[in-house]
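Keep in mind the model is a prediction, meaning the values are calculated, not measured. Throughout, protein chains are lettered first and strands after them, A, B, ... in sequence-line order, and every chain is numbered starting at 1. Just so you know, these numbers use all the heavy atoms, side chains as well, and skip hydrogens, waters and symmetry mates.
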Number of protein chains: 2
Amino acid sequence: MVKSLTDIKEKLLSANLKATHQRLVIYEALLQEMTHPTVEYLFDKVKVNNPTISLGTVHKTLDTLVDAGLVKRVSSTDQTKRFDANLEKHNHIYLENSKEIVDYHDEELQQMVMDYLAKKKFKNIKIKEVQLQINADKLEADSAIEIK
Amino acid sequence: MVKSLTDIKEKLLSANLKATHQRLVIYEALLQEMTHPTVEYLFDKVKVNNPTISLGTVHKTLDTLVDAGLVKRVSSTDQTKRFDANLEKHNHIYLENSKEIVDYHDEELQQMVMDYLAKKKFKNIKIKEVQLQINADKLEADSAIEIK
DNA sequence: GTGACTGCAAACGGTTTGCACCTCA
DNA sequence: TGAGGTGCAAACCGTTTGCAGTCAC
């Protein structure tokens, strides 16, 4: 899942983007994140090894990556932008008591819901994708979550 | 679904909130909305008949209503707060091009997904509810959305 | 009457913009 | 070398805050 710098450079070039140092490190930083970081968070992370990078550049770069389809914006309840480098369709399990957010991949479920919705007659809208938000409680405080 | 002013007053009082004129009209305006309006939108709507109301009051009132559990905040991809007076379990259709968020009730779908998930062996978590996020585009700019 | 609420205006904070300089292809 | 990217600082805009005046109970 984690890509090498060469792979990332490849990705950028094939999206017709110049593979600048800033884009490389920002994209790399986002790929390493399992959570859905804010711009500020990525800025702080990247600044450690790239002290001259500017916050505006991080904003612009992330917007560029989203436009290029390399990265997604996720919706959130705070007013800050959050990003996700995981392009695979996946669902989120919100563990309310432990406040964790776990990814849940399930191709079959995805397909089942899409098929169901396709049969409904939705007028005037074109469905692009569905994402399930599962609210749950973790039963044993310190145990790992096992899915499937 | 749309409540009378007396009902709304009742609601406010039973939540230990003073039933001020501003709260009444803001809550009423939100209850009438199907598309999860922003603060600005509600402000403009309410200002027509209440020209002296202030934007800050709309912000404070909506926060108060959320704290009291009368209203929900919905997550969105823009940076503005959006609200929902519908407390029933339901799914959201995010219309990406028009930036609207529309409710989608579907008991059958809800049940189908819950049944599917019940068959999976989730270790260590207890599923409480599922909510579907449907990303879509509106096909005709000024048309109403018709579902089912 | 009093504590809570409103309206106003200033402050705040994340995002965007404009522009001179720089750099990748 | 030139088109496009970066860094910086100012502008922007939705939200929050502080406070004097007002209102619901």
Side-chain angles (χ1 to χ4, degrees), chain A residues 5-6 8-29 36-47 49-68 70-71 73-83, chain B residues 5-6 8-29 36-68 70-71 73-83 99:
Chain A
L5 277 180
T6 345
I8 297 173
K9 192 167 180 178
E10 200 73 15
K11 275 269 186 192
L12 289 171
L13 292 175
S14 66
N16 290 317
L17 298 175
K18 284 187 184 173
T20 65
H21 179 67
Q22 289 87 337
R23 285 174 178 174
L24 281 172
V25 295
I26 291 167
Y27 193 10
E28 186 193 22
H36 302 156
T38 61
V39 177
E40 196 82 29
Y41 180 92
L42 287 172
F43 175 57
D44 287 342
K45 185 176 173 184
V46 153
K47 204 168 44 179
N49 292 317
N50 309 268
T52 64
I53 206 167
S54 83
L55 182 57
T57 296
V58 182
H59 270 108
K60 286 174 193 165
T61 299
L62 289 166
D63 287 346
T64 304
L65 294 176
V66 170
D67 288 345
L70 297 177
V71 153
R73 255 194 87 179
V74 295
S75 60
S76 62
T77 26
D78 47 31
Q79 268 94 258
T80 60
K81 289 182 160 189
R82 288 175 175 275
F83 297 87
Chain B
L5 277 180
T6 345
I8 296 173
K9 191 167 181 177
E10 199 73 15
K11 275 268 185 191
L12 289 171
L13 292 174
S14 66
N16 290 318
L17 298 176
K18 284 188 183 170
T20 64
H21 179 67
Q22 289 86 339
R23 285 175 177 172
L24 282 171
V25 294
I26 292 167
Y27 192 10
E28 186 192 23
H36 312 278
T38 61
V39 177
E40 195 82 29
Y41 181 92
L42 286 172
F43 175 57
D44 288 342
K45 186 176 172 183
V46 153
K47 204 169 45 178
V48 175
N49 292 316
N50 309 268
T52 64
I53 207 166
S54 84
L55 182 57
T57 296
V58 182
H59 270 108
K60 285 174 193 167
T61 297
L62 288 166
D63 287 347
T64 304
L65 293 176
V66 170
D67 287 346
L70 297 177
V71 153
R73 251 194 91 178
V74 282
S75 59
S76 63
T77 26
D78 47 31
Q79 270 94 256
T80 59
K81 290 182 159 189
R82 286 173 174 275
F83 297 88
K99 296 203 196 282

Between CD1 on residue B:I26 and CD1 on residue B:I53, distance to nearest 0.5 Å: 4.0 Å
Measure the NZ-OG1 distance between A:K11 and A:T6 for me, rounded to the nearest 0.5 Å. 14.0 Å
To the nearest 0.5 Å, tell me how far B:L70 CG sits from B:L62 CG. 11.5 Å
Do B:N50 and B:H21 make a side-chain contact, defined as non-hydrogen atoms from C-beta onward lying under 4.5 Å apart? yes
Would you classify A:D63 as touching base, sugar-phosphate or nothing, given that sugar-phosphate means primed atoms plus P, OP1 and OP2, and contacts are heavy atoms under 4.0 Å? sugar-phosphate
Within the structure shown, what part of the strands sits under 4.0 Å from B:T52 by heavy-atom distance: base, sugar-phosphate, or nothing? sugar-phosphate
Nearest-nucleotide 5' precedence on DNA chain C, A:G56 against B:G56: B:G56
Heavy-atom pair with the smallest gap, counting every atom of A:V71 and A:F83: CG1-CD2, 4.0 Å
Pairs under 3.5 angstrom, nitrogen or oxygen only, protein versus nucleotides 11-15 of chain D, please.
| unit_1 | atom_1 | unit_2 | atom_2 | d |
| --- | --- | --- | --- | --- |
| D:dT15 | OP1 | B:K81 | N | 2.7 |
| D:dT15 | OP2 | B:H59 | NE2 | 2.8 |
| D:dT15 | O5' | B:H59 | NE2 | 3.2 |

Earliest and latest nucleotide of DNA chain C, 5' to 3', sitting under 4.0 Å from a non-hydrogen atom of chain B? C:dG3 to C:dT15
Going from NZ on A:K18 to CZ on A:R23, what distance comes out if it is rounded to the nearest 0.5 angstrom? 8.5 Å
So CD of A:Q79 and OG1 of A:T38: to nearest 0.5 Å the spacing works out to 13.0 Å
Is there a side-chain hydrogen bond (donor to acceptor under 3.5 Å, both in side chains) between B:S54 and B:T57 once you walk through the steps? CA-CA 5 Å; B:S54 84; B:T57 296; 3.1 Å; yes
Please tabulate the protein-to-nucleotide N/O contacts below 3.5 Å involving nucleotides 20-25 of chain D, giving atom names and distances.
| unit_1 | atom_1 | unit_2 | atom_2 | d |
| --- | --- | --- | --- | --- |
| D:dC25 | OP1 | B:A19 | N | 3.0 |

Does B:D44 come within less than 4.0 Å of B:K47, counting only side-chain N to carboxylate O? yes
Determine, stepwise, if the pair B:K9 / B:L5 fulfils side chain to side chain contact (heavy atoms under 4.5 Å, CB included). CA-CA 6 Å; B:K9 191 167 181 177; B:L5 277 180; over 6 Å; no
